[in-house]
Amino acid sequence: MTDRSSLADLQARTRWEPGETEPRIAEQWLESGLFHPEPEGSAEENYSIAVPPPNVTGNLHMGHALNGAIQDVLIRLARMRGRRAKWIFGTDHAGIATQRQVEKQLEREGTSREQLGRDAFVERVWRWRERYGGQITGQFKRLGASLDYEDERFTMDPAYARAVMKVFVDLYEQGLIYRDNYMVNWDPGLRSAISDLEVEQREGVVDTLYSIAYPLADGSGEVVVATVRPETMLADTAVAVNPDDDRYAALVGKQAILPLIGRRLPIIADPHVDPSFGTGALKITPGHDPNDFEIGRRHGLEEVSAIGEDGLMTAAAGERFAGLPVAEAQRAVVQALETEGSIRGREEYIHTVPFSQRSGQRVEPLISLQWFMAMDELGPPAINAVTSGRIRIHPPSQARRYVDWLEGIRPWCISRQLWWGHQIPVWYRESETYVGLDAPDGEGWERDPDVLDTWFSSALWPFATLGWPDDTPALRAFYPTDVLSTARDILFLWVARMVMMGLRFPGEIPFADVYVHSVIQAPDGRRMSKSLGTGIDPLDLIESYGADGVRFGLLAMSSAQDVRFSEEKIAQGQALANKLWNASRLVLLRIDRSARAEPRPRTVEDRWILSRLQRAVQDVAGRIDAFDFSHAALALYDFVYGELCDWYLELVKPRLYDDSDEQGHADVSATLLHVLSETLALAHPLIPFVTEEVWSHVPGADGLLARCSAATIDPALVDAAAEAELGRAIAAVQVLRAWRDEVGARPGLVLAARLVADGYEETADSVARLTRFDFTGGGDGVAASVSVPGGTVEVLPSGEVDLDAAARRREERRAKLLAEIERAERKLANSGFVAKAPAAVVEGEREKLARLRVEVEGL
RNA sequence: GGGCGCGUAGCUCAGUGGGAGAGCGCUCGCUUCACACGCGAGAGGUCGCUGGUUCGAAACCAACCGCGCCCACCA
């Protein structure tokens, strides 16, 4: 664009219109290749972040948008600081979620995955992914996320799958992955095992607690046990009592008869049994209760499975119940026990029950042949990485959660009875087992049908995306990564596992800092979710407010706490973008176009803005480095509104519009250009679009702002004297404006007055202009006097001032001053205060008192 | 059962030992030559409750009330 058309363009665009401009800028960034760094140099000198890979089925939700904004701020700032910055991009195959999507599609077509068969189904999922997957990519682009889209990964890519297989095989050979018949959380909806982390303990479930009598085998009586799951009694293999329970001491070693089944159950003693609960006797069902399973293993009890993986009672439940669904079996068992007269009581019982987060169904604990990963060897190094400070988790409370969880970690069930995922690299032939990267030679081998938990492959994300296990340039350039940013809910599911795998395989921590951001709740405080109807689509917000507004708003909202979504913050971001756009228009349309950006302070306000800018740069950058994004965003807002626009631009307008002083205009142009450029650089990581667009109109600006240097830190520009002097002028302006408003002076009218105050040598003209006073004329008499810092302004008589209002105002001010004086006097009369408070505080109080006294005398 | 956190203006939130803040909303004024998605000026708060520590508490401590989250194998 030529300079002239650029100016005409600026002149015409009195509003920042993100909808028209942002997509164009996003396109420019993508075409520039800026987001795709070549894999050169070392991880030490480079900067990288691996994005938490969204599900391939996913759409951008509020969490993605917030986390995207956070990571993009970090990446853009690092890039502007001259680091080779790579934001690793890709999607997750998301086993269950994706499989369900395609299954639903098949249902609509009147077929099912079973009818299709495994190979055809998996093929179908791949095609589904080609067609519908990766919508979220375009959504991230719209947000302005500077991910490396040119180097996209998928957790099912052949190379990635190779890494997954290698990790499995290695851990198997090292004895850390093993197959076992063990109690697992069975999800009847999914018909698959799930891990402990996918189980949600739901509180407040109302059940009936049945007391059931088991007769003693020797006919000497009965023992009464309590249960909320009477149908599981069909799989009982013992009755247990506490070893210290005198009531039952005589029964230990005897046998009870299991009603309905007739099996003889040993009566055993185990410390797990709480004598104070129920009758103090516990039925033991090793096949369907995690506690009982442990007790059973301790005592070598038989393990009976009465409930099958299909959710139906098995043959072991006896002829009467076999084949019934669990719920029906419960009714039938209760009915049968009632007929037998074995029920001794029933009461309402409210307790906590496990549900599957995946399907929402009640988890059925059962014994199943599954693959597990042992954690005893993997956990401690991962704990040490954090406790030693090599990995820093922010905020620190999350580090405690991390360590606590790892300290109590149990084996991880990694096999899933699904079709979509990384199929376990194990083959069987009769009694032989083969584990390897490729299928074994020879006939008759059958591969294990199960796939791995999706989190198994996600755990390798920071290095498998970079080509591990090969020693690639990308791996050398970008591993370990610098920051991992995520929500709290996957600290265990993902973050801890990445640390374990990173330490075990590439042998280094996968990232140095973990930032755990807040969860944004719906405005009413509930969880934001589609099913509750409380979800808010970030893309709709981008449509209304622009991506800059959404980014700013989400960052400003975020904190260490969970926060309620507030659309006002998004609007605040939009307002900031618009403000910056218009401030830039003022500067760019009025300056000397041949000026070069450099600080050329000529007045106190120039020194002031350079000083305030310097403080803002240090503050915002420091906040970002400390992962304090909300304060960084608000500090930027305060600088742009409260300092640059409200004061500096208003103060320099006379010089900016004065064409008679060529040198003066050139100087202020240079300084303004400097201030604008630095402000754009400072703001760019947070609100990249508007800053990039303004930059394209800055004379002499070459290329993209996203490629420029970060705002300069130069402590020499801090000028406390200028800040004090202009601070005084600002305070005076505010006092005088308030006074005018209260005494009803017409806004346009210039009032004659005398400025009788110290410290306004350089600022009196500005104060007069901004308050519409004329301090130049003489004149007699005083109609009113207004206190300003350092003295008073004496307003000369005129018919324009409501003297009664002025007097009223004076009296109000006087009363307030007297109250404050009394307060200060009381404080200083307090011997405890004078003796014990820090000297500076006492001195400050004395100065304040003196100041107040001077002012009240002036009235 | 254990642990963590929150309760400040109508709303959403800052503020962690020395005169209560922001954005939005509300009131009043302003078509001031960047912006009416604007500018200027205001109103509005027993800082959940009680007690304690301190010269001084919104902030620190204790108990309580209310809300939220995480972890946990008592049927």
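Note that the structure is predicted; figures quoted are calculated from it, not measured. We name chains A, B, ... by the order of the sequence lines, and we start the count at 1 in each one.
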**Prompt:** Given C37(B), A75(B), G19(B), which nucleotide is nearest the side-chain atoms of Leu852(A)?
**Reply:** G19(B)

When you compare [N] with [M], how far apart are their [atom1] atoms, in angstrom units rounded to a whole number?
N	M	atom1	value
G66(B)	C24(B)	C1'	26 Å
C35(B)	A20(B)	C1'	32 Å
A14(B)	C60(B)	P	15 Å

Please give, in whole Å, the distance from [N] [atom2] to [X] [atom1]?
X	N	atom1	atom2	answer
Ile350(A)	C74(B)	CD1	P	17 Å
Met528(A)	G68(B)	CE	P	18 Å
Glu200(A)	C71(B)	CD	C1'	13 Å
Leu576(A)	C37(B)	CG	C1'	12 Å

**Contact state string [nucleotides 39-46 of chain B, B base, S sugar-phosphate only, - no protein heavy atom under 4.0 Å]** = SBSS----

**Message:** Counting primed atoms plus P, OP1 and OP2 as sugar-phosphate and everything else as base, spell out the protein contacts along nucleotides 4-15 of chain B at 4.0 Å heavy-atom distance: B, S or - for each nucleotide, 5' to 3'.
**Reply:** -SS-----BSSS

Just to be sure I understand the rule, does [X] reach a base, reach only the sugar-phosphate, or reach nothing, if contact means heavy atoms closer than 4.0 Å?
X	result
Arg846(A)	nothing
Glu843(A)	nothing
Lys848(A)	base

**Message:** Holding to side chain to side chain donor-acceptor pair (under 3.5 Å), I want the full list of residues that pass it with Asn242(A), two or more places apart in sequence or in another chain.
**Reply:** none

**Message:** Need to verify one output field. Residue with the more 5' nearest nucleotide on RNA chain B, Tyr637(A) or Arg823(A)?
**Reply:** Arg823(A)

**Item:** Gap separating the CD atom of Gln572(A) from the CD atom of Gln574(A), nearest 0.5 angstrom
**Value:** 11.5 Å

**Complete:** Output for pair (Arg551(A) CZ, Leu541(A) CG), nearest 0.5 Å, gives 14.5 Å

